[in-house]
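Read the structure below first, then the notes.
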Amino acid sequence: MTIALPGLPRFAVQPPDVSYRALRVWQRNRDVYLRMWKSEIVWPIVDPLLTLLALGIGLGGLVELEGNQDYVDFIAPGLLAIWPMWSAAAETGWGSYFRMENQRTFQAIVATPVSVDDVITGEIMWAATRALISASYILVLITAFGTVESGLAVLSIPLAVLPGLMFGSISLCYTSAARSISSLNYFFAAYITPQFWLAGVFFPLDRLPEWAQKAAWWIPATHVVEVYRGLASGDLEWGHLGDIAWMVVVTGLFYVVAIFAMRRRLIK
Amino acid sequence: MSVIIRARELVKRYGHFTAVDGISFEVRPGECFGFLGPNGAGKTTTIRMITCISPVTSGSLSVDGLDVGREPRRIKALLGVVPQEDNLDPDLSVRQNLQVYSRYFDLPPDVAGERIDEALGLFQLVEKQHDRIEELSSGLKRRLTIARSLINAPKIMVLDEPTTGLDPQARHLVWQKLRYLKGQGVTMLLTSHYMEEAAYLCDRIVIMHQGKIIIEGTPGELVERYAGREVIELHLSAEEREVVVERVAELPGVTVEAVEDIIYVYVRSADGFDAASLRLEAEKVVYRRANLEDVFLLLTGRGLVE
């Protein structure tokens, strides 16, 4: 569709051109991951393990929660929600940036029948896969710590795909505007890391003043943590469907923005 | 006569900068067509439009009868693209690079396997097939990039400066292979800075300058038409130069160009040029055949284009 505005240059808005070939991009990333997995596996296991030990067991000894809940049990589902966020955001952050600028992988791919929109979609699909892989590690880890009360927690693995797509899309939007790989640090320091602390992983949000609780509603990770708490404890509520709907809407929005923003960067 | 690539009044603008300024050309099936020109002449931009990477600002451009704006996927399926800068996957092995690439074209694994063996064989990469990309020399990387472009059995190969940065051995090997492929009937588009390369590989060339095509023809025709049969270089001191330039310029059938301490005399007339009449010391006079580089420099100037 072409939109012509009087007095302005003509610009064409092309609807997303996505095909099954996005899967080819996903396969490419999978193949590289399978070659490198030994070096990739350390990070998602060591960090959560240290967090569980230091905060859960160490700090947890000093914390008293309502109903005598152990602190380590409280934070475990939060970690299950938050680490996949990291994996997905890092994948379409540093990972995509590196493939785009340093390795020129995107340039090589779009010289074939694969479109730019396929590349973007494949990258986000891969970010979701990384989230799924991380969720699997961490579920094993927190189960080993004896913090999982409900068999429903198994659902958190397939469910990791949704926040994976969401954070993959959000992160790729930022990457499309990044001037250098180090400028991605702003995004992670100012946007991703604060979610780690403010999304209700380490303390219940209802302890916060009302305005802060309202603000937390706008933080994507809050909704992920809510749903995961429900799954780990077995106390699912209708409100959790609201959290899922929130994530679906935000994912769709940022996916479309990512397509247009990346096109702007890649098609010249 | 059939045409495989047709451009009419093709324009590419970036804001107020016009990179390609209304060029028209036709490429015939099976020929090697060269784009020459200094940096910034618009060669790579033209290539990017043909390969459907860069949208056309105005004019028309079709590849194998398909419009670049409407059918990019179908066009890209016909092309074998060799980019200026290597973009191989450093995390994968030589063979994996080709496997991954073959999937982008939807080749079934058995067909891909055969093509990969064939391409590795042709470019003498069979023994390197399990090596990591970082272990390859720049010549090997280039060979692999060209081998990769053959995976979809392309109808048209698009080579953007295929031998830039290679040593003479590697360059000659690439040339041989490209001539072999041309012999197999593959149409080739080539950009190059090396006039020798263009003269060796191309059936027809265009020279681009500031976004326009300034001349078009076979390498032989262009040399004959613009630089003549032979060139005499006179290496002279400052005092001698002025006198000699005046005397030479009066002679019929020659073009004279003085650059720093060298005077170039381009001889067009069939009678040749009698340098002996100038009574210069022999070591100051060099006779040679005119070549494409003379044409290039005559038409695009000797100033550096930044």
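All chains are named by letter (A, B, ...) in the order of the sequence lines, taking the proteins before the strands, and each is independently numbered beginning at 1. Because only heavy atoms are used, hydrogens play no part in the values below, and waters and symmetry mates are left out as well, while side chains stay in. Just so we're clear, the structure is a prediction, and the values are computed from it rather than from any experiment.
With chain A as the partner, the residue from Arg74(B), Glu85(B), Arg73(B), Lys76(B) showing the most heavy-atom pairs under 4.5 Å is Arg73(B). Contact count against chain B (heavy-atom pairs under 4.5 Å) is highest for Asp31(A) among Asp31(A), Val25(A), Leu23(A). When each of Asn152(B), Val81(B), Asp106(B) is scored by its heavy-atom pairs under 4.5 Å with chain A, the top score falls to Asp106(B).
With rounding to the nearest 0.5 Å, the separation of OH in Tyr104(B) from CZ in Arg28(A) is 6.0 Å. Rounded to the nearest 0.5 Å, atoms CE (Met36(A)) and CG (Leu92(B)) are 9.0 Å apart. Distance check: Thr105(A) OG1 to Asp91(B) CG gives 8.0 Å after rounding to the nearest 0.5 Å.
Looking at Arg21(A), the atoms closer than 4.5 Å to chain B (heavy atoms on both sides) all sit in the side chain, from C-beta outward. Using a 4.5 Å cut-off between heavy atoms, Asp118(A) contacts chain B through its side chain alone, with no backbone atom that close. Residue contact with chain A, scored on non-hydrogen atoms closer than 4.5 Å, involves the side chain of Tyr14(B) exclusively. Only the side chain of Gln96(B) comes within contact range of chain A, judged by heavy atoms closer than 4.5 Å. At a 4.5 Å heavy-atom cutoff, the contact between Leu88(B) and chain A is made by backbone atoms alone. In this structure, no portion of Leu79(B) lies under 4.5 Å from any heavy atom of chain A. Contact of Phe106(A) with chain B is not made at all, since no heavy-atom distance falls under 4.5 Å.
Using a 4.5 Å cut-off between non-hydrogen atoms, the part of residues 255-268 of chain A that approaches chain B consists of Ile267(A), Lys268(A). Applying a 4.5 Å heavy-atom cutoff, none of the residues of residues 167-191 of chain A approach chain B. Inspection of non-hydrogen atoms places Arg48(B), Ile53(B), Ser54(B), Pro55(B) of residues 44-64 of chain B under 4.5 Å from chain A. Contacts between residues 112-150 of chain B and chain A, counted as heavy-atom pairs separated by less than 4.5 Å, involve Arg132(B), Arg148(B).
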Exercise for review: Tell me, with the steps shown, if Asp89(B) and Gln103(A) meet side chain to side chain contact (heavy atoms under 4.5 Å, CB included).
Suggested key: CA-CA 7 Å; Asp89(B) 242 318; Gln103(A) 298 184 179; 3.8 Å; yes
